[in-house]
Amino acid sequence: MAAHSRGHPAMRERGFSPAGTSPYWWIRPCAGPILFLSLLFLFLFTAAAASAAAPEEEKFTEELLLRPLPDRKALAHFHFRSSAPPAASVGRHHHIFPKAISQLVKKYHISELELSFTQGRWNYEQWGGFDPMSTNNAKPPGVELWAVFDLPLSEIDATWKNLTHTLSGLFCASINFLESSTAFSAPRWGFKLNEGNLRYGALPREAVCTENLTPWLKLLPCRDKAGIAFLLYRPSIYKGYYHSQKLKLRSSQSLGIILDQTLTVVLQPNTVSGEQLHSNHGQLQPNWSMRHLFNRKLSGKCLVSKSSRVFIEVDKSIVDNVNKSGSDLSWSNELFVLSNSPDKLIKGQNHVEIQSSFLYVYDASNYTEEKPLDVGITWKLPLVWTCTPSPFHASRFLMGSGNERGSIALSFMSTNLHKQISGSPTDCSIKAVIFQVVPWYVKVYYHSLEIFIDGSRKTVSEVVDKIHVIPSEDKLLPGTLEMLLRFPCSMQSGTLTLDFDKGFLHIDEYPPDANQGFDIPSALVSFPEFSSARSYPEIDPVLGSPLLEYFQEDSVVKSYTEVLLVPLTTPDFSMPYNVITFTCTVLALYFGSLLNALRRRIGEEERELKKTELVSM
Amino acid sequence: MAEIAGDEAPTPPPPPPISGEVSRDPYTSTPASTGSNKPPLRTTKPGVKRLILTASVLLSFLVGLPFLLKSTEIHRSPLPSDAITALAHRLHSTPPSFPCGLHAVFLRSVPDRSDASLTRRLEQSISAQLHLLPATSTAGNVSVSVTVESAGGCSSSSSNVGSGWQCGTVTSADLVIGDEVFDELLHSALGSGRWDGSMVYTVVVVETDDAEGMRVVVGKHRHAWVVGKADEVKAVSVIGKVFAKYFMNGGIEEGEAGIGKGEFMPVGSDGNVVLSFSLLNADPSDWVYDWDFEKIGERMLNPVVEALRPIVEINIESQVLYHTPKSSFSYFDDKLGGNVLSMGDIPFFVNSNEWHLDTSISATGRSKVLQFVVYIPSARECPLYLQLPDGGLSKTNAFISPMWGGVLIWNPPDCSLGSKRTHGTWKKMSSQELTETLEIFIGQLRQLFGLKPSYLSQDMDVPTKFVVSEKGFTEWELDLLYRHHACSNLLSCLTTLESLSSLVCSLPRMIVMDEIGRQVELSLEAANLAQGNATLGISDSSAGNICNKSQGIG
């Protein structure tokens, strides 16, 4: 773990360093000389890492990953990493790293921060739930922000408030609504293990558009003028089914600051129907290239970037199909052909299987404006495949009717993944962690937790291993639920229900269009026993691809549930006007009749009347 | 009903109806019967009950009125508008001025009768000379003192301002050691140049028998010296001019833009300024330049930061940006052998769409950011020159924008080679080039603060030399900045307070919070204190931060 603590430069060779994830080193019979040799190697590696870390300068890399999805769509994942070495001048003098971000980190003592803007929902069934892409880049709709501060606990809340305001100015978004203590919470272990210095907040109803993308692009040295970001043609990327832009910051004394900016989009390739292969059902995979996805071609790299790569990832199921067909996995095989020959082919592995996905690597610096890169995939045979799902498919819904009370239900449907992985031992169990923040006006009764497994009711102690609840306080604190569950492997469906009462808000606290209902942020379900990390045993550590480094990081399988829409009792917003009109009517009646009574002389009128009667007679 | 009865009443013919009825219908109606229809006689005086009723309604209305007024009342914290007007009157009648002293020292080589009458005469003539010269903007009454030192002895005038001059420490023989060293020597002989809180400026007249004529050297501390053979009248006039023109006005002529001419200093109202230096690569596909700002920039700018610290807290930042084209057009000029940008296009040079110079996060609140931009043209437009209105080229190839900052166009050395495409080569600005660039920026900073970038000696009728400070600002220039900063702060504070008070008066339904009232009182207090300090001559401590609060309200 010595190599680990040195951080970023050392991380690169995790793929085959003894401290890394690959098991091969230690499977060998551990004889004395071999141990000595490996220790020597370890020493050499750490020395190499130390010498590699010596020339400290700011770096920028850009990468793009394209992947065909089973439902005729395509995934594009942009990954930009800027890093600043630890130096005294951080926050003041910068060459490539964005000054605004380093000043932010320095001013608010941030050790980790993630901000995501998402539109649309990641389709866990179709697009996968067990790969690094879905666990790291599938985000809940709207804005999600969490930050870990390097500060005494008493100062964190105030810093968080300032941070939300700064970010809201920086990204043209209403992140400042997370300032209020009713909007953020401090989870201890359900979201990410921490010592109380983490704050989490989400705004499910934040609309995401170009005004958020432009400031995000400003942080890149070349913005969208050159390099891979040039492909971000707004009408194409906002036409997609899923759009998530993310900013992740890590900072420490040894690491400096690492800024990862990712943009994940799921697009429908804009192909002309004539180009597709004919098929009976019309359900064939479309052939696409960059031009179809983005309406642009890649003309070289951003000149200040250290590396600039495009990956095409082919899923495990396709790889299996190709292997079945008997041909090798070159860029032109029995099933598909890529439009350009790749510079490199990388095999990926995940924890469970020996072989999973394939990556075709293109170096963007080999292409110029005269010879742009327009890589694409053409299918030769009709193909149907599925992505690996997460162990359980989690979804959340509301029960009950009326404006007074209801219940939240979380349901888990087994995808039978464990059978594929570990055969089927009968008495195994799968851990699941639920993290959910509920606004105070949805008053959840946590004692009313009921658990049903395959239709039969279980006691809480049978299933729940650990639970941590912060009950909500009216207009002060949101309710936070962290729960560690243990489901039997044989479980096909499980449901958790929680009852709640709907609260009343003051008339001023209602947002515009209150009748639409209130959004409850997505719950997060993670499966700590499952890791989505990939390993690339063949990859050269000198390649230094932050994207693949990121995929190799050990991260648990996570999935976000749907956002809930709770209709609350809304007051009659026209009531003040009614009151004013009623009061005015009463006053008018009172003064009108009083004046009338004062002005009229009834006796005289009667006399007059009599007289006229007499006259008429 | 009442209306209807009233309306119908005029329709019958106007003659008294009773008589008409009687005449028309004599059979059925008798006088007796009409008399029985009359109402019974009133027991009370008519109208009293009605009066009581009306009065009670009115009374209830009046009783309710205070409640009504109370319920619609608006909270307005009382503002000291009288005190504000008084301060305005005081400041307009006697503008803030700082008393300072002028000490003239005559070093005579020949033994002379140095008695009190001579010093008094010289003192009077210098005072008279000062009255003749144009009034100085921020200086108040000037107290003059004269010391005459000759081989025979040393005598000072009665009104001793006391610049700390020690007789006998400096002689005319010391002149040979050079101006810079002599400057320091004088500085050690004179001490700090402060007396009783106010500044004392010293002009030393060193009489030599050289035939070269007179020359004036203005040092970097609070003194100048005149060397040469001069008669008394000439010396007195030079002393007066040096004092009024440089020590008081910074060499700014009438009609020139500069300090004290109604321009504000680029200082945030919290007394902070961020100097943000940006290196802009217009098109990195041609060449990418980087710089070593951390080392050279800090080394060159730190003395400036230290010098200006009493006026303003300066933070320095730097960044390198890419893909930042300019937004004005330049054309190729065959004669000049490069692309030329005329003066008229300069307002469009800064491309705010593509130059994301960013306001700094560290510049919180109301502090000011001054941008200094080095623009590296792309190969297509290289070399790029600024053309002056007279057709010549700008020497520095740079321009400033008041209150915003400065721009310098830096043509890379390889652009004149006519190389077609170097294609994104990484280069670094050499330290020599960066130093030159920063020197221009320091000049621009002086200009932004209202001082002259450099002095031209032809303004005086005698040759004048200026000893340049390595800090970028000499001590007497800093005094000028202090004075001006204090005055402009005081005046802008007054303007804010006045406009706030008139706004509050003109809008009777505007809510004025207690917090605002307290802030106004605080800033008024600070303004009064600053004015008091100013009359005592304590300029650098008086008006640093007086009016932040009121400006915040505004």
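By convention in this document, chain letters (A, B, ...) are assigned in the order of the sequence lines, proteins followed by strands, and residues within each chain are numbered from 1. Any value given below was found using the heavy atoms of this structure, including those in side chains, with hydrogens, waters and symmetry copies removed.
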Given Glu317(B) and His93(A), is the side-chain hydrogen bond (donor to acceptor under 3.5 Å, both in side chains) satisfied, shown in steps?
CA-CA 5 Å; Glu317(B) 292 173 0; His93(A) 301 293; over 6 Å; no

Between CD on residue Glu57(A) and CG on residue Asp290(B), distance to nearest 0.5 Å
8.5 Å

Which of the residues Val304(A), Ile96(A), Thr166(A), Leu104(A) is involved in the greatest number of heavy-atom pairs with chain B at under 4.5 angstrom?
Val304(A)

For Leu594(A), is it the side chain, the backbone, both or neither that has a heavy atom under 4.5 Å from a heavy atom of chain B?
side chain

Tabulate, in ascending numerical order, the residues of residues 294-302 of chain B having at least one heavy atom closer than 4.5 Å to a heavy atom of chain A, or enter 'none'.
Glu294(B), Glu298(B)

Show your reasoning for whether ring pair (Phe, Tyr, Trp, His ring centres under 6.0 Å) applies to Tyr108(A) and Phe149(A).
CA-CA 7 Å; Tyr108(A) 300 118; Phe149(A) 297 92; 7.9 Å; no

Ring pair (Phe, Tyr, Trp, His ring centres under 6.0 Å) with Phe78(A): which of Phe230(A), Phe294(A), Trp216(A)?
Phe294(A)

Between the side chains of Glu354(B) and Lys225(A), is the shortest nitrogen-to-carboxylate-oxygen separation below 4.0 Å, so that they form an ion pair?
yes

Measuring heavy-atom distances to chain B, does Phe97(A) have an atom under 4.5 Å in its side chain, in its backbone, in both, or in neither?
neither

Looking at Tyr362(A), I'd like to know if the NZ or CZ of Arg309(A) sits under 6.0 Å from its six-membered ring centre while staying within 45 degrees of the ring's axis.
no

If one checks every heavy atom of Ile316(B) against chain A at 4.5 Å, the contacting part turns out to be both

Measuring heavy-atom distances to chain A, does Phe61(B) have an atom under 4.5 Å in its side chain, in its backbone, in both, or in neither?
side chain

Decide if atom CD of Glu73(B) counts as having more than 12 heavy atoms of other residues, nucleotides or ligands within a radius under 6.0 Å.
yes

Under 6.0 Å from the ring centre and within 45 degrees of the ring axis: does the NZ or CZ of Lys70(B) meet both conditions for the six-membered ring of Phe67(B)?
no

Taking only residues two or more places apart in sequence or in another chain, which ones pass side-chain hydrogen bond (donor to acceptor under 3.5 Å, both in side chains) with His109(A)?
none

If we define contacts as heavy-atom pairs under 4.5 Å, which of Pro221(A), Cys302(A), Ala87(A), Pro98(A) has the most with chain B?
Pro221(A)

